[in-house]
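See structure below.
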Amino acid sequence: YPIAAALEEGEAPAELPPLRIQYKDFAAWHNAYLDSPAGQTDRAFWRETLSGEIPRLDLPADVPGAPDGDLKVDRVPVRIAAGLTSRLREIGRRHEATLFMVLEAGLDLLLHVRTSQSEVILGTPVAGRVHPELEDQVGCYLNTLPLRTEIRTDDTVASLLRRVARLTLDAFSHELYPIDRMVEDLRLPLVPGRSPLFDVMLILQNTARYDLKIDGVRAAGCLPGESHASKFWLMFELEEKDGIEGVVEYRASRFRSETIERLCADYAKVLDLMSETPDLPLTDLRRRLQGEGGRREEDAFLRSVSDVGENF
């Protein structure tokens, strides 16, 4: 960041080279792309990927009948230790998957265990700066991709991870097609407070944050968890460091904090099992997690009974 470094030293930054293109040029190109053969190829890909009934997440609410329009938000911290993160990177390398893909597969598995659904769609943002000349532009190029995964009864951790890697690469190779066009093409109904395609967003930040200090003024990058309304039921905002840190933002009108804390603990357990036993059948992984969940519920019940007994 040579310009920021010059400002910190109180020096005049070097003159910026003129931009070859402006945001308006990108907008004109993108509009033309939508009607081009490339745009129609991307459109056909997403129509095929999202064909059939869209699997809506059936995650039970703590507050029955909570309206989707109530966007009250809260968040809980999440952390994945450095040792586990290292093992996740290693299993990714062995199966030609990035760390993001491993985290994606783990979240798919967690939601499958919690809901018994055989298909899961996660949303994830993409930068959209597909050309080098867009890297220095000021403007919003973001798009959101729906990542649809089928979870099969005969899957192992490894086979699911390979499928997630392949499907994610396919999705990113068609990332220019706007999500609002996908919704229009599929003629999906719009429900206030709920995304038409998915209820869970996964974000992994793996670029360095730069804090700028000028004459006592400190400017820092935005930190996760600063929104005032929930965009989705759940949003995992993670940042890659030695380990993985971040927050889970959730629809507070629908879920209680202790539910999300348990969800985060189960997510870490899923990732741990994935890293230790990649050949583990998913039926066994599900059995292990459901067994631990049942023990937690029994312990909580016994504690509540004990508390009642002490009051008499």
Side-chain angles (χ1 to χ4, degrees), residues 41-59 78 80 88-89 91-92 95-130 141-152 155 157-186 188 194-206 224 231-240 244 246 248-250 263 267 270-271 274 282:
T41 297
D42 288 351
R43 180 175 184 263
F45 168 82
W46 288 111
R47 285 177 66 90
E48 174 64 24
T49 298
L50 300 171
S51 62
E53 184 177 356
I54 297 297
R56 302 316 309 260
L57 189 65
D58 189 21
L59 192 63
V78 60
I80 299 170
L88 296 176
R89 291 191 183 102
I91 190 178
H95 295 90
E96 299 183 334
T98 64
L99 179 60
F100 172 81
M101 295 169 183
V102 178
L103 295 172
E104 177 192 348
L107 190 51
D108 286 333
L109 272 175
L110 174 64
L111 296 174
H112 165 68
V113 169
R114 285 298 190 94
T115 65
S116 299
Q117 292 176 252
S118 60
E119 280 192 305
V120 174
I121 298 182
L122 302 177
T124 195
V126 289
R129 297 175 184 263
V130 295
Y141 297 85
L142 287 174
N143 191 24
T144 302
L145 302 184
L147 305 176
R148 185 175 190 172
T149 301
E150 178 189 6
I151 300 164
R152 301 169 185 168
D155 266 329
V157 169
S159 66
L160 176 66
L161 182 54
R162 287 192 294 268
R163 185 182 314 121
V164 165
R166 184 182 70 254
L167 295 174
T168 303
L169 286 173
D170 286 345
F172 274 76
S173 69
H174 299 276
E175 69 175 78
L176 279 174
Y177 198 72
I179 189 171
D180 58 315
R181 286 294 187 101
M182 300 179 204
V183 174
E184 290 177 8
D185 292 343
L186 297 169
L188 296 176
R194 194 170 187 187
S195 166
L197 286 170
F198 53 86
D199 295 297
V200 181
M201 173 79 84
L202 175 63
I203 302 169
L204 177 64
Q205 298 286 358
N206 55 9
K231 304 175 184 67
F232 309 97
W233 283 4
L234 299 169
M235 182 158 63
F236 288 71
E237 298 182 82
L238 308 177
E239 185 174 2
E240 186 177 348
I244 296 171
V248 176
E249 184 177 287
Y250 63 94
L263 192 75
Y267 187 34
V270 167
L271 294 173
M274 288 175 60
L282 297 192

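Along the sequence shown, residues carry numbers from 1.
- In this structure a side-chain-to-backbone donor-acceptor pair under 3.5 Å is missing from His95 to Ala158.
- The environment of CD in Glu96 is sparse: at most 12 heavy-atom neighbours from other residues, nucleotides or ligands sit within 6.0 Å.
- Screening Leu88, Val164, Asp108 for a side chain to side chain contact (heavy atoms under 4.5 Å, CB included) involving Leu103 leaves a single residue, Leu88.
- Ionic pairing of Glu119 and Arg148 is present here: one or more N-O contacts between side-chain nitrogen and carboxylate oxygen are shorter than 4.0 angstrom.
- Going from atom OG of Ser116 over to atom CG of Leu111 covers 11.5 Å, rounded to the nearest 0.5 Å.
- The minimum heavy-atom distance between Glu104 and Thr149, with the atom names listed, is OE2-OG1, 4.1 Å.
- By the 4.5 Å heavy-atom criterion applied to side chains, Asp185 and Trp46 are not counted as neighbours.
- Looking only at side-chain heavy atoms (C-beta outward), Asn143 and Pro125 stay at 4.5 Å or farther from each other.
- Between the CG atom in Leu282 and the OG atom in Ser159 there is a gap of 6.0 Å [rounded to 0.5 Å].
- Ionic pairing of Glu48 and Arg43 is not present here: no N-O contact between side-chain nitrogen and carboxylate oxygen is shorter than 4.0 angstrom.
- Note on ring orientation: taking the six-membered ring where Trp is involved, the planes of Phe45 and His174 are parallel (angle under 30°, cut-offs 30° and 60°).
- Looking at every heavy atom in both residues, Leu99 comes nearest to Glu240 through CD2-CD, 3.6 Å.
- When all heavy atoms of Leu160 and Ala105 are compared, the pair lying nearest together is CD2-O, 4.2 Å.
- Between Met201 and Thr144, some side-chain heavy-atom pair lies under the 4.5 Å cut-off.
- Using a distance-only test at 3.5 Å, with no hydrogens or angles considered, a donor-acceptor pair links the side chain of Ser173 to the main chain of Asp170.
- Annotation: side chain of Leu59 is in contact with side chain of Leu234 (closest heavy-atom distance under 4.5 Å).
- Looking at Thr115 and Asp58, their side chains never bring a donor and an acceptor atom within 3.5 Å of each other.
- A donor-acceptor pair under 3.5 Å links the side-chain atoms of Thr124 to the main chain of Leu202, judged by distance alone.
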Q. Is there a side chain to side chain contact (heavy atoms under 4.5 Å, CB included) between Met101 and Leu169 once you walk through the steps?
A. CA-CA 9 Å; Met101 295 169 183; Leu169 286 173; 3.8 Å; yes
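- The salt bridge (charged side-chain N to carboxylate O under 4.0 Å, His left out) test applied to Arg181 returns no partner, not counting sequence neighbours.
- To the nearest 0.5 angstrom, Leu122 atom CG is 12.0 Å from Leu197 atom CG.
- Atom CZ of Arg47 and atom CE of Met182 lie 12.5 Å apart (nearest 0.5 Å).
- Closest approach of Pro146 to Ile121, counting heavy atoms only: CB-CG2, 3.9 Å.
- Considering all non-hydrogen atoms of both residues, Leu271 and Ile80 come closest at CD1-CD1, 3.4 Å.
- Going from atom CD of Glu184 over to atom CD1 of Ile179 covers 11.5 Å, rounded to the nearest 0.5 Å.
- Side chains of Arg194 and Trp233 form a contact here, defined as non-hydrogen atoms less than 4.5 Å apart.
- Nearest heavy atoms, Leu188 versus Pro196: CD1-O, 3.9 Å.
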**Q.** Test log, rule side chain to side chain contact (heavy atoms under 4.5 Å, CB included), inputs Arg114 and Leu263
**A.** CA-CA 9 Å; Arg114 285 298 190 94; Leu263 192 75; 3.6 Å; yes
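- For the pair Arg163 and Asp155, the minimum side-chain heavy-atom distance is below 4.5 Å.
- Rounding to the nearest 0.5 angstrom, the gap separating the CD atom in Glu237 from the CD atom in Glu249 is 5.5 Å.
- Scored by the salt bridge (charged side-chain N to carboxylate O under 4.0 Å, His left out) test, Arg162 finds no partners at all (sequence neighbours excluded).
- A heavy-atom distance below 4.5 Å is found between the side chains of Leu109 and Met274.
- If you look at Phe236 and Tyr267, their ring centroids are closer than 6.0 Å.
- Qualifying salt bridge (charged side-chain N to carboxylate O under 4.0 Å, His left out) partners for Asp180, counting only residues two or more places apart in sequence or in other chains: none.
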